[in-house]
J.: 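Sharing a structure below in structure tokens format, with a few things to ask.
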Amino acid sequence: FRSYYYRHSHFFSTMHDSHIFADLRISKTGLSNLITGFIANWPERQFKTDGYSLEIQDFDTIMPVISAHDKSIYAEIPVSYTFIKPAGLFSIEGEGKISIRVRFDFDILQNFEVQIESILEGYHWLNEPVLKVGKLDIPIEILTNCLIHHVKEGMLDEMDAFIEKNVNILALIREQINNYGQNYLITNTPPLFFNLTLYDVLAGKLVQNEADIHLDLLLHVTTKISDEPIKSEAIFNPSFYWINDKPNSHTQNTDIEFSYYGLARIIMNALNGKDIGGKTFDIENILIRNTSILELVAAINGPVKGIVTITGHPYLNKTDQKIHIDDMRVVIDAKNLIYKLSSPIIEKMIRNKLEGFFPLEVAPLFENYIKKIPTFNFLNNKISLTPGMAKVHIDNLIFSENQIITTLNIDQAELGIVLQHS
């Protein structure tokens, strides 16, 4: 790990500062079903040695026992077989059942290519060979060794080749990012889009419990939530690395961008039809801009008809995590004399109502938006992704010329990845 750290310290420190922790949980039952299904569809069930025909039996009721350690998965695979040597009255028939212990050593290269090697470590009898007809004229070890050789040279080698050919991790990741990480609409009111760029995946070693195998992953990503779709082409060139340690805490930085146009729509939706001091708001349109101060100009039809201008200096207090506003002013330019006379009263009413909102705690609002990112299911619900977090901390808040930009620190940013069994 030390050599890895020095060779990749430029992004390893970043991973500790900002990353998502992912717990990849693989069902042992699912792996058993996968192995059983592969063996059940294996066509080469019959083979011969010294005049004997051996046939591997059906696998419908067989459940391999799965375990894991480091970068290896172990399977105890029960194999039932029959043997026959036809010779008229002197035919020989029998059956037996052994458990083959297989170690699947696997590796994932930097380009996400999967390499796997199946090693047959040994076997033991579950049911010793039983003769139904006749008497063996060769040692049972010859039949057993022939069976073991057939399983190793045929089934296991074919399984290795099948997995290496058909398991395309990079293509799977790209597909899911295209579906859920590129301008993914997480809420309609207001419309918010989620974008994700993946740079690196770091993995620990396999650990297990009674039901599942777990693999800890650290995902080096950038994430953004915005009220407008991102038009630039997404970057996709991630790398994979193995590591020997992982940080104890998990924090992901997420950028959020709200255009003033989008913020104006939110305010209009929130205020139109609302009662303030016995008066109902009817807003025609809102314009927000930031010059030396933040300025909101609203054309309203009620409670007065005219232009309402609200100005002030909003800022984030990082200590209390609230937005404060200094020098707030409300000015109404009414359209007729009666409204002009009542404008000061309504100005004070609106200013008092606005001042009641501040200081404004916005972290719960952002948490609510992030929690709306749903659990994703794909590959016929065989894989699910469930995001999670503990708390949101606002790192900065900038009122730029055209938009509000904020960076959130999401504590204990986690992603549960479950490979379901079928």
Side-chain angles (χ1 to χ4, degrees), residues 1-28 30-31 34 66-75 103-119 160 163-164 166-177 180-181 196-209 211-223 235-252 376 378-379 382-388 410 412-420:
F1 172 74
R2 182 169 297 177
S3 63
Y4 167 84
Y5 177 85
Y6 286 117
R7 284 185 289 115
H8 301 90
S9 60
H10 62 286
F11 77 84
F12 191 82
S13 59
T14 304
M15 286 293 297
H16 278 69
D17 293 337
S18 177
H19 65 267
I20 296 175
F21 170 77
D23 174 23
L24 174 58
R25 179 160 58 92
I26 306 169
S27 163
K28 289 183 178 180
L31 284 178
L34 182 66
I66 304 296
S67 60
H69 176 70
D70 203 351
K71 288 195 289 184
S72 297
I73 295 175
Y74 301 84
R103 187 179 84 235
F104 299 96
D105 292 339
F106 73 96
D107 195 10
I108 302 176
L109 305 184
Q110 185 175 336
N111 64 355
F112 288 88
E113 179 185 339
V114 175
Q115 293 183 342
I116 188 166
E117 181 183 8
S118 301
I119 300 171
D160 292 350
I163 292 174
E164 291 184 0
N166 292 278
V167 177
N168 191 331
I169 298 176
L170 205 58
L172 178 62
I173 294 174
R174 180 191 288 272
E175 179 183 0
Q176 301 318 312
I177 289 180
Y180 304 112
L196 177 147
T197 302
L198 174 67
Y199 296 100
D200 300 292
V201 177
L202 278 68
K205 302 298 176 63
L206 295 175
V207 296
Q208 66 174 342
N209 56 29
D212 301 299
I213 296 170
H214 293 262
L215 180 64
D216 289 344
L217 302 172
L218 302 180
L219 310 180
H220 176 204
V221 301
T222 57
T223 55
I235 299 172
F236 186 81
N237 188 28
S239 299
F240 182 92
Y241 302 96
W242 294 101
I243 59 171
N244 291 328
D245 79 342
K246 63 182 186 347
N248 296 322
S249 61
H250 322 293
T251 301
Q252 173 63 35
F376 304 119
F378 50 95
L379 290 184
K382 291 182 179 179
I383 300 179
S384 67
L385 305 179
T386 304
I410 304 175
Q412 299 302 104
E414 298 186 358
L415 184 65
I417 308 174
V418 180
L419 273 65
Q420 308 281 2

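When reading the values below, keep in mind they use all heavy atoms of this one structure, side chains included, and skip hydrogens, waters and symmetry mates. None of the values given here were measured: they were computed from a predicted structure.
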J.: Just to verify, what does N209 make a side-chain hydrogen bond (donor to acceptor under 3.5 Å, both in side chains) with, not counting sequence neighbours?
T.: H214

J.: Going by the rule ring-ring contact (aromatic ring centres under 6.0 Å, His included), which residues pair with Y199 if we only count those two or more places apart in sequence or in a different chain?
T.: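 ring-ring contact (aromatic ring centres under 6.0 Å, His included) list for Y199, sorted by chain: H220.
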
J.: My understanding is that only residues two or more places apart in sequence, or in another chain, count here; which of them pass side-chain contact (heavy atoms from CB on, under 4.5 Å) with D70?
T.: K205

J.: Kindly indicate whether the side chain of L170, heavy atoms from C-beta on, has any atom under 4.5 Å from the side chain of F236.
T.: yes

J.: Using atom types as modelled and distance alone, determine if a side-chain donor or acceptor of D160 lies under 3.5 Å from a backbone N or O of S118.
T.: yes

J.: Over all heavy atoms of both residues, which pair between D200 and L198 is shortest? Give the atoms and the distance, please.
T.: O-CD1, 3.7 Å

J.: Mind checking the CD1-CD1 spacing from I213 to I73? Nearest 0.5 Å is all I need.
T.: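 Here the interatomic distance stands at 4.5 Å.
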
J.: Is there a donor-acceptor contact under 3.5 Å from the side chain of Q252 to the main chain of L219?
T.: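 It does not hold such a pair.
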
J.: Please name all residues satisfying side-chain hydrogen bond (donor to acceptor under 3.5 Å, both in side chains) with D105, sequence neighbours left out, ordered by chain then number.
T.: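 Counting only residues at least two positions away or on another chain, D105 forms a side-chain hydrogen bond (donor to acceptor under 3.5 Å, both in side chains) with S72, R103.
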
J.: Taking only residues two or more places apart in sequence, or in another chain, which ones meet F240 in a ring-ring contact (aromatic ring centres under 6.0 Å, His included)?
T.: F112, W242

J.: Where do S27 and D212 come nearest, in terms of heavy atoms and distance?
T.: CA-OD1, 3.4 Å

J.: Check side-chain contact (heavy atoms from CB on, under 4.5 Å) between E113 and all other residues, then give those that pass, not counting sequence neighbours.
T.: L109, N111, Q115

J.: Rounded at 0.5 Å granularity, tell me how far CG in D216 sits from CD1 in I243.
T.: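 CD1 of I243 is found 8.5 Å from CG of D216.
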
J.: Can you tell me how far apart CD1 (I26) and CD (Q208) are? Round to the nearest 0.5 Å.
T.: 11.5 Å

J.: Quick one: list whatever passes ring-ring contact (aromatic ring centres under 6.0 Å, His included) with Y74, sequence neighbours left out.
T.: none

J.: Contact between L206 and F106 at the side-chain level, heavy atoms closer than 4.5 Å - yes or no?
T.: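 Contact flag for L206/F106 side chains = yes.
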
J.: Determine, stepwise, if the pair L217 / F21 fulfils side chain to side chain contact (heavy atoms under 4.5 Å, CB included).
T.: CA-CA 6 Å; L217 302 172; F21 170 77; over 6 Å; no

J.: Could I get the full list of side-chain hydrogen bond (donor to acceptor under 3.5 Å, both in side chains) partners for R174, not counting sequence neighbours?
T.: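 Testing R174 for side-chain hydrogen bond (donor to acceptor under 3.5 Å, both in side chains), a comparison that skips the adjacent residues, returns none.
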
J.: How long is the span from the CD1 atom in I177 to the CG atom in L172, to the nearest 0.5 Å?
T.: 10.0 Å

J.: Measure across I235 and T197 and return the closest heavy-atom pair with its distance rounded to 0.1 Å.
T.: O-CG2, 3.6 Å

J.: The criterion is salt bridge (Lys or Arg N to Asp or Glu O under 4.0 Å); which residues satisfy it with D23, sequence neighbours excluded?
T.: none

J.: How far does CD1 of I108 sit from CD1 of I169, to the nearest 0.5 angstrom?
T.: 4.0 Å

J.: Only counting residues at least two apart or in another chain, list the ones meeting side-chain hydrogen bond (donor to acceptor under 3.5 Å, both in side chains) with T223.
T.: T254

